[in-house]
Novice: 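Quick one: the structure is below, questions incoming.
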Amino acid sequence: GNLIGVFIDDLYMMNVGTPILISNDYCPKSHKGCTRPAKGVLIEGFSVFGLSATQSSGDAGSFLCTTQKPCSVDMNDVDIRPMAPTGANEFHCENAHGYAGGAISPKSCLKPDSTPGSSRRLFPEWGV
C-alpha cells in the first residue's frame with residue numbers, strides 16, 4: 001500500500017506518549033506468526049508543520065521505516081517538550097529521510113534529502 005501526501009499543520013497536543021509516530025514496519029504482537037514485513041508501506045510526502053506538543057513518555061517522535069521502502073518526511077517548526085523537566089526527549093529514526101527546517105526541538109534525526117521538501121514537490125501550491 002501507499003501513504004502519499006499527508007499534511008499536518010498547526011496542531012497542538014498535550015500530555016501525549018509519542019506525539020509523532022510513523023511506521024511502515026508494523027507487525028501487531030497479537031498476530032501469531034507475524035514477522036517484520038519485508039516490504040512495508042510506501043510513505044512519501046508526510047509533512048508536519050507548526051506542531052507543538054508535550055510528551056508524557058517515550059520518544060518525541062519515531063520514524064520507523066524499512067530499508068526496502070524508506071520514509072520521506074518533512075518537518076518545519078516542530079516543538080515537542082517533555083512533561084517532566086528531566087524527561088527523555090528525542091526523535092528516533094530508522095531509514096527515514098527528509099527536510100527539517102525552522103525551529104525543530106528536539107533535534108531532527110532525519111537523513112537530509114538531496115532535494116528537500118517532498119511535500120513541496122507533491123503540492124507546490126502550498127508554498128511551504
Novice: Out of curiosity, Ile22 CD1 to Ile43 CD1, how far, rounded to the nearest 0.5 Å?
Specialist: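 So the gap between those two atoms works out to 6.0 Å.
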Novice: So how far is it from Met14 CE to Ser52 OG, rounded to the nearest 0.5 Å?
Specialist: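 Between Met14 CE and Ser52 OG, I get 12.5 Å after rounding to 0.5 Å.
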Novice: According to a hydrophobic-cluster definition based on side-chain heavy atoms being under 4.5 Å apart (Ile, Leu, Val, Met, Phe, Trp, Tyr only), do Met83 and Ile80 belong together?
Specialist: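 Per the 4.5 Å side-chain linkage, Met83 and Ile80 are not co-clustered.
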Novice: Measure the spacing between NE2 of His92 and CG of Leu21 and express it to the nearest 0.5 Å.
Specialist: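 CG of Leu21 is found 10.5 Å from NE2 of His92.
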Novice: Ignoring hydrogens and geometry, is there a side-chain-to-backbone donor-acceptor pair from Asn24 to Thr66 under 3.5 Å?
Specialist: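 Yes, the answer is positive, given that a donor and an acceptor are paired below the 3.5 Å cut-off.
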Novice: Can you name the closest pair of heavy atoms from Leu110 and Gly98 and give their distance?
Specialist: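 Distance-wise, the nearest heavy atoms are CB-N, 4.1 Å.
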Novice: Among all residues two or more places apart in sequence or in another chain, which pass the side chain to side chain contact (heavy atoms under 4.5 Å, CB included) test with Asn2?
Specialist: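 For Asn2 the side chain to side chain contact (heavy atoms under 4.5 Å, CB included) partners, ignoring immediate neighbours, are Ile4, Leu42.
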Novice: Excluding sequence neighbours, so at least two apart, what forms side chain to side chain contact (heavy atoms under 4.5 Å, CB included) with Pro70?
Specialist: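 Testing Pro70 for side chain to side chain contact (heavy atoms under 4.5 Å, CB included), a comparison that skips the adjacent residues, returns Asn95, His97.
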Novice: Is any side-chain heavy atom of Phe63 closer than 4.5 Å to a side-chain heavy atom of Cys93?
Specialist: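 Heavy-atom side-chain distance check passes, below 4.5 Å.
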Novice: Ignoring hydrogens and geometry, is there a side-chain-to-backbone donor-acceptor pair from Thr18 to Ile20 under 3.5 Å?
Specialist: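 Flag not set: sc Thr18 to bb Ile20 has no pair under 3.5 Å.
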Novice: Can you list everything that forms a side-chain hydrogen bond (donor to acceptor under 3.5 Å, both in side chains) with Ser62? Sequence neighbours excluded, please.
Specialist: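 Checked Ser62 against side-chain hydrogen bond (donor to acceptor under 3.5 Å, both in side chains); matches are Asp59.
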Novice: Quick one, Met75 and Phe91 - any side-chain contact, counting heavy atoms below 4.5 Å?
Specialist: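 Side-chain contact under 4.5 Å: yes.
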Novice: Restricting to salt bridge (charged side-chain N to carboxylate O under 4.0 Å, His left out), what partner residues turn up for Asp79, sequence neighbours left out?
Specialist: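 So Asp79 forms a salt bridge (charged side-chain N to carboxylate O under 4.0 Å, His left out) with Arg81.
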Novice: Any side-chain heavy atom of Asp74 within less than 4.5 Å of one from Val48?
Specialist: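 No, every pair of side-chain atoms sits at 4.5 Å or beyond.
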Novice: Hey, does the side chain of Asn76 reach the backbone of Gly102 with a donor-acceptor pair shorter than 3.5 angstrom?
Specialist: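 At least one qualifying donor-acceptor pair exists.
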Novice: Asp77: what forms a side chain to side chain contact (heavy atoms under 4.5 Å, CB included) with it, not counting sequence neighbours?
Specialist: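 With sequence neighbours excluded, Asp77 shows a side chain to side chain contact (heavy atoms under 4.5 Å, CB included) to Ala103, given in chain and number order.
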Novice: Under the side chain to side chain contact (heavy atoms under 4.5 Å, CB included) rule, collect the residues that match up with Met13, sequence neighbours excluded.
Specialist: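 Checked Met13 against side chain to side chain contact (heavy atoms under 4.5 Å, CB included); matches are Leu11, Val16, Pro19, Leu51, Ala53.
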